[in-house]
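First up is the structure itself, then whatever we jot down about it.
Whatever order the structure lists them in is the order used to number ligands and atoms, beginning at 1.
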Amino acid sequence: MRMRQNPQFDRKNCFVPTSEIIAVEETELNKKQRNIGKWQKMAKPHAFTVYYVKKARNHRWRCSDVTFWCVDEHLCNQWIQALKELLEMQSKPKQLLVYINPYGGKRQGKSIYEQKVAPLFSLASISTDVVITEHANHAKDNLFEVNINKYDGVVCVGGDGMFSEVMHGLIGRMQKDSGIDQNNPKAPLVQCNIRIGIIPAGSTDCICYSTVGISDPVTSALHIIVGDCQPLDVSSVHHNNTFLKYSVSLLGYGFYGDILKDSEKKRWMGPMRYDYSGLKTFLSHHYYEGTISFQPAKHTVGSPQDKDSCRTGCYICKKSEQQLSQQYKECGLKHEEDEEEWKVIKGKFLAINAVNMSCACPRSPKGLSPAAHLADGSADLILVRKCSRFDFLRYLVRHTNQDDQFDFSFVDVYRVKSFQFTSKLSEDNESNVTDIGKKRFGQFCRDHPACCCNIASSTWNCDGETLDSSAIQVRVHCQFVKLFARGIEENSKDEAAYSQSSIEQLL
Ligand SMILES: CCCCCCCCCCCCC/C=C/[C@@H](O)[C@H](COP(=O)(O)O)NC(=O)CCCCC
Ligand SMILES: Nc1ncnc2c1ncn2[C@@H]1O[C@H](COP(=O)(O)OP(=O)(O)O)[C@@H](O)[C@H]1O
Ligand SMILES: [Ca+2]
């Protein structure tokens, strides 16, 4: 759509894709407005206002508007009618179920929603059912009861943990309605097609940041309003034949698991808790022995160390998904999982991280794996072996600058479609070796953070929630859920929008 700002004020033209129009309204002209400029000569001017997405720097979106005036009332009404019919034809949501976590982040979820998001939903004529959660898992449990077909999408206001709750509720509901047993690691899970929107109000908000490019409530609300759709890989996590969790951001053992475990007791600190626990965990410098086995993701066309970051309309995601589908058609799931070789690595690790996305966030704008892809059916498995505190610090600092965080002798990264992990402790226990001294020694280390040694086992950090077992089996499910997002857009020089389907074509 080609729009000229009000002729009296600004001669600038700008182009807005009709898919990024938020609303169209007839404009009531007050006396003052009538007396502006050349419209004074008009007996009775008529006007309509178009509200649209204006793109600012760093992927920030804002709602802007422009008013069109004309003397012909019928022409004005024709425009309004034509634009409204156009908006009706797009996949914009009309009815949303919203869960607000009043407890996450800086505990501002409710005010963020009411002050920044609700007015935009109202402008876009979106009706909402809002639930302010009263306890953990309230949203997840509620999703097993609601009439989900009534909604065009579900919105979570909170951090990654809140998204995880909503995702588990929707996926769990879908499997229950389809008679699928999630405890079976090889179950043919049924895809969840209802889109999830994230309004960032948490502590890390890496899922929002990695799929939109910024952690900003208004930007996310506008992505929901325009009806974006971004598929997302999901990892299922099992312990033997028991379902544990799904993960879309970070599955972290060692460093990030220890940070999460320590920070859970300090939620009263808000997001700062991660900085405090991060420093404490860094100083403790614990490493963990164990065995990782994994299947490389041979269907993907990218690699963790290429410079091809995942961007809107990602070619690597599209091509990888096509090749994966082709593999299943030719060989089927059973062959694919049983026949392909598993690579095995034993060692001592400071951190074992598996990420389905870059995990970019305000703390680390390029994330744990900058070239990880949102929808390529793979995860990047990052192994950080035991090293000195100084070297580990150099590794961490590289997450905050443009240097390659994988360019260290003690860091290996693999693009995988499945992996398993067992800690040495559980391996020893299985060989019936019980060593009281080791347990007592482990306690000594916990009491003396200065000690640099290996503790029996760490905790898995699964999107900010802890897992009950250290021995896990993980499988990546390609494009398993959908978000109201479009991935991170290439930074265009001029943030002005571009014309996709212009209103001019309606003329
Ligand atoms: C000396 C400077 C070192 C700086 C290192 C910075 C490294 C930051 C890496 C960030 C990784 C983020 C992975 C995201 C995980 C989230 O899903 C999870 C839960 O998010 P939320 O519910 O919104 O809080 N966040 C965490 O597990 C926190 C990880 C610790 C971040 C320091
Ligand atoms: N009303 C509530 N009271 C307590 N915990 C809640 C509530 N609603 C959600 N939770 C839980 O809070 C945890 C953290 O939520 P999240 O929004 O990720 O905040 P943060 O980013 O600060 O971790 C999640 O595990 C979620 O299940
Ligand atoms: Ca992926």
Problem set entry | Numbering as shown, the atoms of ligand 2 that approach Gly105 to under 4.0 Å (heavy-atom distance) | 19 (O), 20 (P), 22 (O)

Exercise. Just checking, is any N or O donor in the side chain of Ser469 or His239 under 3.5 Å from an acceptor N or O on the other one?
Worked result: yes

Problem set entry | Thr291 side, atom OG1; Ile345 side, atom CD1 - distance, nearest 0.5 Å | 10.0 Å

Exercise. Do Asp380 and Ser369 get their side chains close enough for a donor-acceptor pair, meaning under 3.5 Å?
Worked result: yes

For this session: Under 4.0 Å from a heavy atom of Asp160: give me the atoms of ligand 2 that qualify, with their elements.
Result: 18 (O)

Need the list: ligand 1 N/O atoms against protein N/O atoms, distance under 3.5 Å, rounded to one decimal.
from	atom 1	to	atom 2	distance (Å)
ligand 1	17 (O)	Asp160	OD2	2.8
ligand 1	17 (O)	Ser249	OG	3.1
ligand 1	20 (O)	Asp160	OD2	3.3
ligand 1	20 (O)	Thr204	OG1	3.4
ligand 1	22 (O)	Asp160	N	3.3
ligand 1	22 (O)	Gly161	N	3.1
ligand 1	23 (O)	Asp160	N	3.0
ligand 1	23 (O)	Thr204	N	3.0
ligand 1	23 (O)	Asp205	N	3.0
ligand 1	24 (O)	Thr204	N	3.3
ligand 1	24 (O)	Thr204	OG1	3.1
ligand 1	24 (O)	Tyr274	OH	2.8
ligand 1	25 (N)	Thr204	OG1	3.1
ligand 1	27 (O)	Asn461	ND2	2.7

Problem set entry | Option with minimal heavy-atom separation from atom 21 (O) of ligand 2, where the choices are Ala136, Ser203, Gly464 | Ser203

Problem set entry | Nearest protein heavy atom with distance in Å, relative to atom 15 (O) of ligand 2 | Asn101 ND2, 3.0 Å

For this session: Before signing off on this row, confirm whether Arg273 and ligand 2 have an N or O atom pair separated by under 3.5 Å.
Result: yes

Exercise. Does the N or O separation between Tyr103 and ligand 2 drop below 3.5 Å for any pair?
Worked result: no

For this session: Mark yes or no for whether Ser164, through its side chain, and Asp160, through its backbone, hold a donor-acceptor pair below 3.5 Å.
Result: no

Problem set entry | Test item: side-chain donor near acceptor, Glu330 and Gln326, under 3.5 Å | yes

Exercise. According to the interplanar angle, ranging from 0 to 90°, do the rings of Tyr253 and Phe421 count as parallel (below 30°), tilted (30 to 60°) or perpendicular (above 60°)?
Worked result: tilted

For this session: Using a cut-off of strictly less than 3.0 Å, determine whether His373 has an N/O/S atom near the Ca ion (ligand 3).
Result: yes

Exercise. Does the shortest distance from the Ca ion (ligand 3) to an N/O/S atom of Met357 fall below 3.0 Å?
Worked result: no

Exercise. Between Arg273 and Ser203, does any side-chain donor sit less than 3.5 Å from a side-chain acceptor?
Worked result: yes

For this session: Look at the N, O or S atoms of Asp233, main chain and side chain alike, and state whether any lies under 3.0 Å from the Ca ion (ligand 3).
Result: yes

Exercise. In terms of the angle between their ring planes, are Phe282 and Phe392 parallel, tilted or perpendicular, with boundaries placed at 30° and 60°?
Worked result: parallel

Exercise. Can any side-chain N or O of Asp205 pair as donor or acceptor with the backbone N or O of Cys208 at less than 3.5 Å?
Worked result: no

For this session: Examine Gly202 against ligand 2 and note whether any of their N/O atoms are separated by less than 3.5 Å.
Result: no

Exercise. For ligand 2, which part of Pro102 has a heavy atom less than 4.0 Å away: the side chain, the backbone, both, or neither?
Worked result: side chain

Problem set entry | Atoms in ligand 2 with a heavy atom of Arg267 nearer than 4.0 Å | 13 (C), 14 (C), 20 (P), 22 (O), 23 (O)

Seminar exercise, completed: In this structure, atom 19 (O) of ligand 2 is nearest to the protein heavy atom Gly104 CA, 3.3 Å

Problem set entry | Sub-4.0 Å atoms of ligand 2 with respect to non-hydrogen atoms of Gly158 | 17 (O)

For this session: Would you please classify the geometry between the Phe410 ring and the Tyr395 ring as parallel, tilted or perpendicular, with 30° and 60° separating the classes?
Result: perpendicular

Exercise. Roughly how far, to the nearest 0.5 Å, is the CZ atom of Phe243 from the CG atom of Asn183?
Worked result: 8.5 Å

Problem set entry | Minimum-distance protein heavy atom relative to atom 8 (N) of ligand 2 | Thr133 OG1, 2.8 Å

For this session: Look only at the side chain of His238 and the backbone of Gln182, and say whether a donor-acceptor pair between them is shorter than 3.5 Å.
Result: yes

Exercise. Does Tyr287 have Lys386 sitting over its ring (NZ/CZ under 6.0 Å from centre, angle to axis within 45°)?
Worked result: yes

For this session: Return yes when Glu165 approaches ligand 2 closer than 4.0 angstrom through a heavy atom, no otherwise.
Result: yes

Exercise. What is the nearest protein non-hydrogen atom to atom 18 (O) of ligand 2, stated with its residue, atom name and distance?
Worked result: Gly161 N, 2.8 Å

Problem set entry | Any N or O of Gly159 closer than 3.5 Å to N or O of ligand 2 | yes

Problem set entry | Asp376 atom (N/O/S) at minimal separation from the Ca ion (ligand 3) | OD1

Problem set entry | Asp233 (side chain) donor-acceptor with Gln479 (main chain) under 3.5 angstrom | yes

For this session: Verify the distance criterion only: is there a donor paired with an acceptor across the side chains of Asp129 and Tyr151 at less than 3.5 Å?
Result: yes

Exercise. What protein heavy atom sits nearest atom 24 (C) of ligand 2, and how far off is it?
Worked result: Glu465 OE2, 3.7 Å

Problem set entry | Among His135, Met162, His168, closest by any non-hydrogen atom to atom 2 (C) of ligand 2 | His135

Problem set entry | Pairwise side-chain hydrogen bond (donor to acceptor under 3.5 Å, both in side chains) hits with a residue in residues 133-144, at least two apart | Tyr99-Asn142

Exercise. Within the distance-only criterion (no hydrogens, no angle test), does the side chain of Lys92 pair as donor or acceptor with the backbone N or O of Ser19 below 3.5 angstrom?
Worked result: yes

Problem set entry | Residue-ligand contact Lys140/ligand 2, heavy atom below 4.0 Å | no

